[in-house]
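The analysis underlying the following values was restricted to heavy atoms, covering all of them including side chains, and did not include hydrogens, waters or symmetry mates. In this text the structure is predicted, and so the values were computed from the model without any measurement.
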Amino acid sequence: YDRRQRQARHPGHTPLPPSLAPEGGPPIVGARPAPIDQEPVNDEEADLPLDHEDINVNPNDDDDELSLPDIPAGNEELEADPPDNAAQAPNPDPAEQPMGRGARQRKPNPRFFDDSTWINYNSKSKFRLEDLNKQRLNALTWATMITTLESTEFKRMWKMSDIDSNGECHWMHPMILAAKANSEDNPTWDQAMSGPLADGYWKAAQTEIETLERKDAWDVIDRTPDMNVLPSTWAFKCKRFPNGDVRKLKGRLCVRGDRQVQDVDFFETFAPVVSWNTVRLMLVMSLIMGLATKQVDYTAAFVQAPIDEDVFVEMPRGFSQPRKVLKLKRSLYGLKQSPRNFFQFLKGNLESIGFRNNADVDPCLFISDKCIVLVYVDDTLFYAPRQEYIDEAIEKLRGTGMELEPEDSVAGFLGVHIQRNESDQSITLTQEGLTRRIIDALAVTTRHKPIKHTPATKEPLTIDKDGDPPDSLYNYASVVGMLQYLQAHSRPDITYAVSQVARFTYNTRKSHEEALERIGQYLRGTITKGLVLRPTGRFNIDCYVDADFCGLWPFEDKSNPTSVKSRTGFVICISDCPVIWTSKLQDLICLSTMEAEYCALSTAMKEVIPLRRLFKSIGTSIGISENYLTKFKTTVHEDNSGALTLANLEPGRHTPRSKHFAVRLHWFRSHLKPNEIEIVPIKTANQRADILTKGLTKQPYESIRKQLCGW
């Protein structure tokens, strides 16, 4: 029988599978059983075929009849399709028919009312949440590679995932989530070659290949089965000025270092970078001493360093040759050992021209009799009393075979714009481009998100376990990462607020997103602001220390151990210019305000004492007298009288309330007198670290910000 004709004669009926139909007879038609007062959600529900478990076949019966399931009252009875010559049964009396579908009261179907389904009863439509999630994911641009998705490794990781019969994933291999949304400044090959800057990116790729071939970076050889050939890929970058304008288009041929095998393709990988504490210290000293500065950029830095291991790489896309591979003779970007190879190569060349490495204070600080060099991977800063000393050092470095391009005086370093003001002898550090990216990511430019005068509320941010779920309109962890870079380099005024939101990159709630957006609203009103370094001319070190004792206790869940922790905040200044600042929760559980303040003081001293050694090492090379270096003082400002009294006691003595303090807190007391360190009281109104431990109202916040940031 034609299926549509049967359904027209018997609405709501579905033929039985042929394997279950009686031999020699017509197919039996039955209605799917349904609970009382429950109808299918839509017409498609009635067309679903019967499951095998809905029909019970009795094997003990002698006759070929089927035992059908009981049907609740109110449902149609089962009947067989009549033969063609059978007379049609008379229609029943309309008065005896049950109420139609549109005439009775509709009730929610509990079978489709759960956490994974959303039903709009007014529009009589149904949507699954997983479909909405797929629409959201499909709307994003994902940097996934087809070769990776089709690889054996990906398939093996996918099989390891724990996915039940309902399609719910209970566990997934973390590497599957490695794909991330693209940025317009980092296009893929297809995006770069089909975008508005395609000509510029193609020229960048050609320049990269020509540069590598000129440096004799590889040999093109035949591919053999025994080779561990690493895939190659292109990494394009649109470099911008700190204000966001396009500066340069670059193309890098990179190697898939994740395919390298340890102890086969590489061995050691560690490579240090210069601390920003050292960079800020040199900026302050350059103002006071009138030092000349210059920045140097190396041409294809990693390629200049030779490689010792045998590494084979596929031919680059756009320049490939059949059945050929590259055998590397020099390091390429992407290899795990490339940063280390270049640092060792640069270190050896600097030492050969008279520089010595001060690894005890900073492994990336190189000092000679006339010049100071700071190294951050392939970015190098030169400082010297005279410009001729820097030019001489650069020429000697070129003589070792290194290719480098001297740039103007330091105007930007690692995305931080450095602006000198000769009128008042100050330096301003700003990151306007990064600030705008944060504001755009948070979408706080509308009138519904007004400008805030402080980055954090007076109440601390808590876990908010029972709070509303997040809107997830942006990548929370990504924005926190950008804020971390911003506060660590030029914006100590947002350090406390960023420290709070950084605790909740996992299990985020809507309240955490609101706290993050508040920081963006504050930044929108201070886009052009940064850190103003205006030295007083004296090489004194001042440390401001503060603590907030159990600040989370009145607001946090009492069952959470974090609720009883205190917060440490301190800022260290040289010549009244901030060099180091920190805001973080203490890892100890303190029992009193004095203990919390004393713990913060002990933590700050871990930064003060190394900074003194760093200052002495640099001061010797730039002409500061030895007599001054041995006598200059370091002052620590403490606003808690109990901690102040305990810190000034002789080593070994303690107060009755401090007997339980561990040695890890008392260690610094033996270093005070030998290092000319003095701990003095200070009023709370002048405590600059107060902005790093708690949320303040507008007036005290702006007062301390003026002392700390200079604006």
Side-chain angles (χ1 to χ4, degrees), residues 438-439 442 444 448-468 470 476 479-480 483-484 486-487 491-505 508-526 529 544-558 560-571 581-586 590 592-593 596-597 599-600 638-640 682-709 711:
I438 295 172
I439 295 173
L442 294 174
V444 292
H448 302 290
K449 302 287 185 179
I451 294 175
K452 298 293 185 181
H453 298 287
T454 59
T457 59
K458 191 174 181 180
E459 295 77 16
L461 194 61
T462 61
I463 292 180
D464 196 12
K465 182 179 179 180
D466 299 325
D468 296 333
Y476 185 95
V479 177
V480 169
L483 286 171
Q484 288 278 30
L486 179 64
Q487 67 86 18
R491 295 299 295 266
D493 54 319
I494 64 172
T495 299
Y496 167 72
V498 175
S499 176
Q500 287 198 116
V501 298
R503 296 177 53 215
F504 305 106
T505 53
T508 309
R509 293 287 182 257
K510 185 174 179 59
S511 59
H512 305 148
E513 289 187 336
E514 293 174 350
L516 192 65
E517 293 167 5
R518 182 186 178 93
I519 301 176
Q521 294 171 256
Y522 169 77
L523 292 176
R524 186 158 68 95
T526 58
K529 301 298 183 180
Y544 300 86
V545 186
D546 192 26
D548 183 26
F549 173 64
C550 291
L552 293 172
W553 177 257
F555 308 95
E556 188 62 272
D557 182 11
K558 302 302 183 292
N560 187 352
T562 308
S563 62
V564 295
K565 289 188 176 182
S566 305
R567 178 172 288 273
T568 291
F570 63 86
V571 55
W581 56 84
T582 296
S583 176
K584 61 182 180 181
L585 290 178
Q586 299 177 357
C590 299
S592 64
T593 303
E597 295 278 356
C599 180
E638 176 61 59
D639 60 357
N640 183 268
I682 189 175
K683 295 182 179 179
T684 303
N686 298 326
Q687 178 59 276
R688 301 184 186 183
D690 203 34
I691 202 175
L692 302 173
T693 57
K694 60 184 73 68
L696 303 176
T697 56
K698 179 182 177 182
Q699 183 176 357
Y701 178 83
E702 293 181 348
S703 175
I704 297 179
R705 185 183 64 186
K706 175 67 176 178
Q707 303 176 49
L708 181 63
C709 300
W711 51 276

* Asked: Can V480 and F504 be said to form a side-chain contact (heavy atoms from CB on, under 4.5 Å), step by step?
  -> CA-CA 10 Å; V480 169; F504 305 106; over 6 Å; no

Any sub-3.5 Å donor-acceptor pair from [X]'s side-chain atoms to [Y]'s backbone N or O?
X	Y	result
Q687	E638	no
R518	T454	yes
T582	G569	no
T462	E556	no
S499	T495	no
K558	W553	yes

Testing the basics here: between [X] and [Y], what is the closest heavy-atom pair and its distance to 0.1 Å?
X	Y	result
P455	I519	O-CG1, 3.6 Å
R503	T562	NH2-CG2, 3.2 Å
Q586	A547	NE2-CB, 4.1 Å
Q500	A456	NE2-CB, 4.1 Å
I438	L486	CD1-CD2, 4.0 Å
D493	Y701	O-OH, 2.8 Å

Taking the side chain as every heavy atom from C-beta outward, state whether [X] and [Y] have any pair of such atoms under 4.5 Å apart.
X	Y	result
I463	D557	no
P470	H512	no
L692	Y544	no
T526	R491	yes
N560	K465	no

Euclidean distance, [Y] [atom2] relative to [X] [atom1], rounded to 0.5 Å:
X	Y	atom1	atom2	result
E517	K510	CD	NZ	7.0 Å
E514	D468	CD	CG	8.5 Å
N640	T684	CG	OG1	9.5 Å
F549	K694	CZ	NZ	13.0 Å

* To do: Any chance you could lay out the side-chain contact (heavy atoms from CB on, under 4.5 Å) test for L523 and L483, step after step, and finish with the verdict?
  => CA-CA 10 Å; L523 292 176; L483 286 171; 3.8 Å; yes

* Give the intermediate values and the outcome of side-chain contact (heavy atoms from CB on, under 4.5 Å) for residues Y496 and L696. => CA-CA 10 Å; Y496 167 72; L696 303 176; over 6 Å; no

* Between Q487 and Q484, is any side-chain donor less than 3.5 angstrom from a side-chain acceptor? ->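 Side chains of Q487 and Q484: pair found under 3.5 Å.
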
* State which residue, out of R688, E597, R567, fulfils the side-chain contact (heavy atoms from CB on, under 4.5 Å) condition with D546. =>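 The side-chain contact (heavy atoms from CB on, under 4.5 Å) with D546 is passed solely by E597 among R688, E597, R567.
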
